[in-house]
Amino acid sequence: KVYVLKRKFLFIIGNILAGPFLLFFGSNVTFIIVATAFLLASFFISRLPGNGAIHLQTITFQSVFSDFLTGLDYLYHAPKVRLGIFLLGISQISIGILGVIAPGFADQVLHIPVASVSIFVMAPAAGGMVIGAICLGQFFRKINRNKLVKMGLFMAAVTLVLYSMVGKL
C-alpha cells in the first residue's frame with residue numbers, strides 16, 4: 001500500500017515539476033536532468049543484492065493465458081480485491097487523462113503557456129486529491145465505500161464534461 005501511494009505521489013510531483021523545469025532550464029537541460037536521473041537510478045538498482053541464480057523458464061502463450069485466466073478467476077471470487085483493482089485502475093486512468101488533456105486545455109481555453117500547465121492545473125488537482133483524501137479519512141468514514149466511490153466517479157465525469165464547456169461560457 002505504501003509503495004502504491006509513493007508511486008502515485010512521485011508521479012504527481014513529476015507532473016508538477018515538469019513545467020517549472022522546462023520554463024527555467026529549457027528542453028535540452030531538462031532532458032539531460034531526466035536522463036541523468038534514470039542513469040543514477042539504474043546504477044543504484046544494479047548495486048542491490050540479488051536473489052542468487054536465476055532460473056529462466058520458457059514462457060508460452062498458453063502459460064501466459066492460463067495465468068491470466070487464473071487471475072481473472074481470483075478477481076471474480078474476491079470482490080474486495082476486484083474493487084481495489086478497479087479503483088487503482090480508475091485513479092491511474094484519471095491522472096493519465098488529466099495529464100493528456102491539461103496542456104491542450106491550458107493552451108486553447110485558459111490561454112496560458114503549456115509549460116505552465118503543471119503549476120496552474122496539475123498542482124491544484126494534486127492539492128485537491130490530498131485534501132479530498134484527508135477529508136475522506138476524517139469525515140466520511142461511516143459512509144458506504146461503494147456509494148462514495150460511485151459518487152466520486154460521477155463527480156469526476158461531470159467535472160470533465162464541465163471542462164469541455166468552459167470555452168463556451
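Note that OG of Ser116 is 5.0 Å distant from CG of Leu23, once rounded to the nearest 0.5 Å. Rounded to the nearest 0.5 Å, atoms CD (Gln62) and CG (Asp67) are 10.5 Å apart. Atom CG of Leu72 is separated from atom CZ of Arg82 by 11.0 Å, given to the nearest 0.5 angstrom.
Taking the side chain as every heavy atom from C-beta outward, Val34 and Phe38 approach each other to under 4.5 Å.
Listed for the Thr70 side chain is a donor-acceptor partner under 3.5 Å among the backbone atoms of Ser66.
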**Request:** Decide side chain to side chain contact (heavy atoms under 4.5 Å, CB included) for Phe44 and Leu40; before the verdict, give the C-alpha distance in whole Å, the side-chain angles of both, and the deciding distance to 0.1 Å.
**Result:** CA-CA 6 Å; Phe44 288 122; Leu40 280 172; 4.2 Å; yes
**Asp107 and Ile112: CA distance, side-chain angles, deciding distance, side chain to side chain contact (heavy atoms under 4.5 Å, CB included) verdict** = CA-CA 5 Å; Asp107 182 46; Ile112 60 174; over 6 Å; no
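Of all heavy-atom pairs between Ile16 and Ile119, the closest is O-CD1, 4.3 Å. Minimum heavy-atom separation, Thr30 to Phe21: OG1-O, 3.2 Å.
There is no path of hydrophobic side-chain contacts, each under 4.5 Å, that joins Ile33 to Leu22. By the rule that hydrophobic residues join a cluster once side-chain heavy atoms approach within less than 4.5 Å of another member, Tyr74 and Ile85 end up as members of one cluster. Both Leu17 and Leu10 are members of a single hydrophobic cluster when ILVMFWY side chains are connected at heavy-atom separations under 4.5 Å.
More than 12 heavy atoms of other residues, nucleotides or ligands lie within 6.0 Å of CG in Asp73, so this atom counts as buried by the packing criterion. The number of heavy-atom neighbours closer than 6.0 Å to CZ of Phe25, taken from other residues, nucleotides and ligands shown, is above 12.
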